[in-house]
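Notes to accompany the following structure.
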Amino acid sequence: MRTHLCGTLRSEDVGTRATVCGWVAKRREHGEHLAFIDLRDHTGIVQCVVPGTVDVRSEYVVAVEGEVRLRPAGTTNPDLPTGEVELHDCTVTVLNAAEPPPFPVDDRVDVDEVIRLKHRFVDLRRPTMQANLRLRAKVNSSLRAAMDRQGFLEVETPLLWAPTPEGAREFAVPSRLHHGSCYVLPQSPQLAKQLLMVAGVDRYYQVARCLRDEDLRADRQFEFSQLDIEASFVTQEDVLSFVSEAVLDAAEAATGQRPGPVPTMTWAEAMDRYGTDKPDIRFAMELVDLTAVFATTEFRAFSAPCVKAIVLDGGAGLSRSRLDALTDRAKALGAKGLAWFKVTQNEDGVTGIESPVAKFLSDDEQSGLVAATGATVGDLILTVADDYRLTCHVLGALRLELGGRPVSEGPYAYLWVVDFPMFDGVDDAGNPVAAHHPFTMPHPEDIDRLESDPASVRSQAYDLVLNGWELGSGSVRVHRADIQARIFSVLGISDEEAASRFGFLLGAFRFGAPPHAGFAVGLDRLVAIFAGEDNIREVIAFPKTQSGWDPMTDAPKPLAAGALRDLGLQPIPKLD
RNA sequence: GGACCUGUGGUGCAGUUUGGAGUGCACGCCGCCCUGUCAAGGCGGAGGUCGCGGGUUCAAAUCCCGUCAGGUCCGCCA
């Protein structure tokens with residue numbers, strides 16, 4: 001039907017007759033003897049010259065036949081890759097007329113999200129969205145190639161799986177043949193891939209769809225894709241190497257540049273220095289520990305288990321209302337308050353601090369504060385005093401708000417965060433909660449303290465971070481029944497409970513489970529960052545709104561009565 | 001479950017603080033003109049439940065209450 005693609009025509013093609021197909025991006029009529037059509041396909045736009053009037057409108061689907069020629073002197077368009085040439089003396093065939101589009105099909109305006117999603121098929125015609133779809137395919141393909149090259153086997157796993165009441169809320173799929181019972185859609189293929197290790201697959205990967213019925217965010221949709229990986233007879237170092245290879249390849253495929261080796265940081269160091277387990281290491285503004293400075297303070301607000309600070313260079317000029325807003329933000333994040341100190345200089349050139357709480361601090365504490373933070377005249381020091389986790393959480397968030405840049409802005413700073421804690425807090429019954437999942441192998445140096453001091457036990461779990469976004473996580477798995485039993489015991493999971501929840505996995509492990517470890521890389525986030533997008537919706541063909549609504553299909557919708565009956569379902573009124 | 005921001009012709013905005021006729025801008029759309037434009041240009045025209053409901057007022061896009069939707073975030077996401 002066509003001989004060329006619109007965006008690919010160049011001066012080398014001059015003299016050839018060409019037929020191109022696409023959508024009318026723009027029509028410009030100059031009377032009865034001349035008209036221009038800018039024709040768009042997925043490769044770009046080319047100008048077609050028609051010797052007369054032309055009965056087309058924006059977004060008509062047309063085929064245009066003409067001769068490629070250099071544009072007349074003085075009429076080239078440097079803004080178009082095809083700007084040196086044009087299709088001349090064209091014949092236009094309308095393949096399909098179109099109503100005016102609901103919004104402009106270009107990248108110049110930010111259209112309301114609902115309108116874009118309702119007409120996603122139009123939205124995706126825009127050059128940026130086309131580029132995002134194509135970038136995603138390219139990244140996807142480079143990841144697959146990297147895994148193939150490293151000896152991994154692609155295996156698909158079921159979407160209809162069994163409930164595993166641990167972790168994220170699952171989407172349920174009622175069974176027609178088994179009234180009252182449900183499958184669930186997998187929050188990840190975690191258990192399936194471990195079974196594949198027992199099955200001797202050795203090295204597995206899959207670009208897997210994962211589904212989690214949790215609240216949506218800029219970096220979270222109900223359904224998302226992971227490069228899911230699992231390998232047998234490997235160490236943590238091996239997994240980090242496999243994944244690094246894949247994501248560095250992906251970066252190179254996406255951007256043309258290969259970042260350097262991925263640095264590694266322990267979880268403890270990440271929390272200490274950045275207040276988060278997913279630090280954006282593109283900028284410093286690190287947390288400073290002041291606990292020692294205020295160890296004997298008379299100031300009640302600072303007599304806490306942990307006192308930390310961040311310094312905003314040149315921040316002493318911040319207005320009172322801005323500081324109040326920061327204080328409100330800190331409180332919203334859980335802090336009791338936020339103490340700020342402007343580093344000032346008096347007429348004699350002596351450095352001092354200006355703060356509503358300065359009068360509560362001794363001279364030594366004031367000078368110690370400035371010395372420890374390294375702040376200089378004109379800077380702003382923000383301090384939080386609370387327990388360790390909360391202090392880190394609040395200052396880590398303020399650090400990002402005050403010093404951070406959009407996630408999608410280069411450079412691309414990958415980071416491995418290793419040695420996560422095995423447990424994170426306690427549940428209602430006072431039992432420790434698994435930080436990763438209950439099949440995570442404890443750190444070999446800490447395993448003896450599993451029962452005596454679980455809070456101090458590190459695990460062989462690790463995260464990959466890119467520009468402050470968690471790109472994925474993984475762990476070395478428990479493959480020995482004795483260690484697994486000890487972990488379940490610490491978690492307060494009885495033998496019966498373990499058997500009912502994970503019986504098929506534990507059963508399989510009795511038949512020869514190899515040591516194994518794995519990882520999963522969030523594909524949507526990875527592509528979004530490379531695409532320069534701060535929301536993964538922009539790299540997903542048909543995403544949902546933050547409330548989980550699809551304006552195009554109007555899903556979710558009530559089921560017809562007959563369908564409900566087939567599934568053995570009956571709606572009940574919404575509970576308050 | 002909670003906080004904040006947003007909602008005005010098809011699209012993007014201004015107008016809301018300080019109530020006074022649906023007022024304005026740009027794009028798009030329709031008609032006419034135009035032989036080198038490319039965000040073409042000129043002339044003319046159509047197009048509105050100011051998200052929805054209630055309240056205050058002589059009078060509400062504007063003030064108040066509620067509600068719906070979108071966005072960002074906290075909780076949540078092993």
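Worth saying up front: this structure is predicted, and the values here are computed from it rather than measured. Just so it is clear: chains get the letters A, B, ... in the order the sequence lines come, proteins before strands, and each one is counted from 1. Basis for what follows: all heavy atoms, side chains included, without hydrogens, waters or symmetry-related copies.
- Between the P atom of B:rG36 and the CZ atom of A:Arg69 lies a distance of 13 Å, rounded to the nearest Å.
- Between B:rU72 and A:Arg220, no contact under 4.0 Å exists linking OP1 or OP2 to a side-chain N or O.
- Pair assignment for B:rA39 gives none, since no Watson-Crick or G-U wobble pairing has each distance under 3.5 Å.
- Two residues are said to be in side-chain contact when any heavy atoms from C-beta on lie closer than 4.5 Å; A:Arg525 and A:Phe224 fail this criterion.
- Between A:Lys331 and B:rA3, a side-chain N or O to OP1/OP2 separation shorter than 4.0 Å is absent.
- Atoms CD (A:Glu113) and C1' (B:rG70) sit 8 Å apart, rounded to a whole Å.
- Looking at heavy-atom distances under 4.0 Å, A:Pro72 makes contact with a base.
- Residues A:Phe509 and A:His516 bring their aromatic ring centres within 6.0 Å.
- The CG atom of A:Asp215 sits 9 Å away from the C1' atom of B:rC77 (whole-angstrom rounding).
- For the residue pair A:Glu170 and A:Thr164, a side-chain donor N or O sits within less than 3.5 Å of a side-chain acceptor on the partner.
- Taking atom CZ of A:Phe222 as the reference point, atom P of B:rC76 lies 18 Å away to the nearest angstrom.
- Close to B:rU37, at under 4.0 Å from its OP1 or OP2, lies no side-chain N or O of A:Arg28.
- Stacking here means ring centres nearer than 5.5 Å and ring planes tilted less than 30 degrees, and by that measure A:Phe36 stacks onto B:rU37.
- Of the candidate nucleotides B:rG28, B:rG12, B:rG71, B:rG12 has the atom nearest to the side chain of A:Asp112.
- Of the options A:Asp123, A:Asp107, A:Asp106, a side chain to side chain donor-acceptor pair (under 3.5 Å) to A:Thr128 is made by A:Asp107 and by none of the others.
- The CG-P distance, from A:Leu80 to B:rC38, rounds to 12 Å in whole Å.
- Residue A:Arg217 has its side chain nearest to B:rC76 when only B:rC77, B:rU72, B:rC76 are considered.
- The ring of A:His30 lies on top of the base of B:rA40, close enough and flat enough: under 5.5 Å between centres, under 30° between planes.
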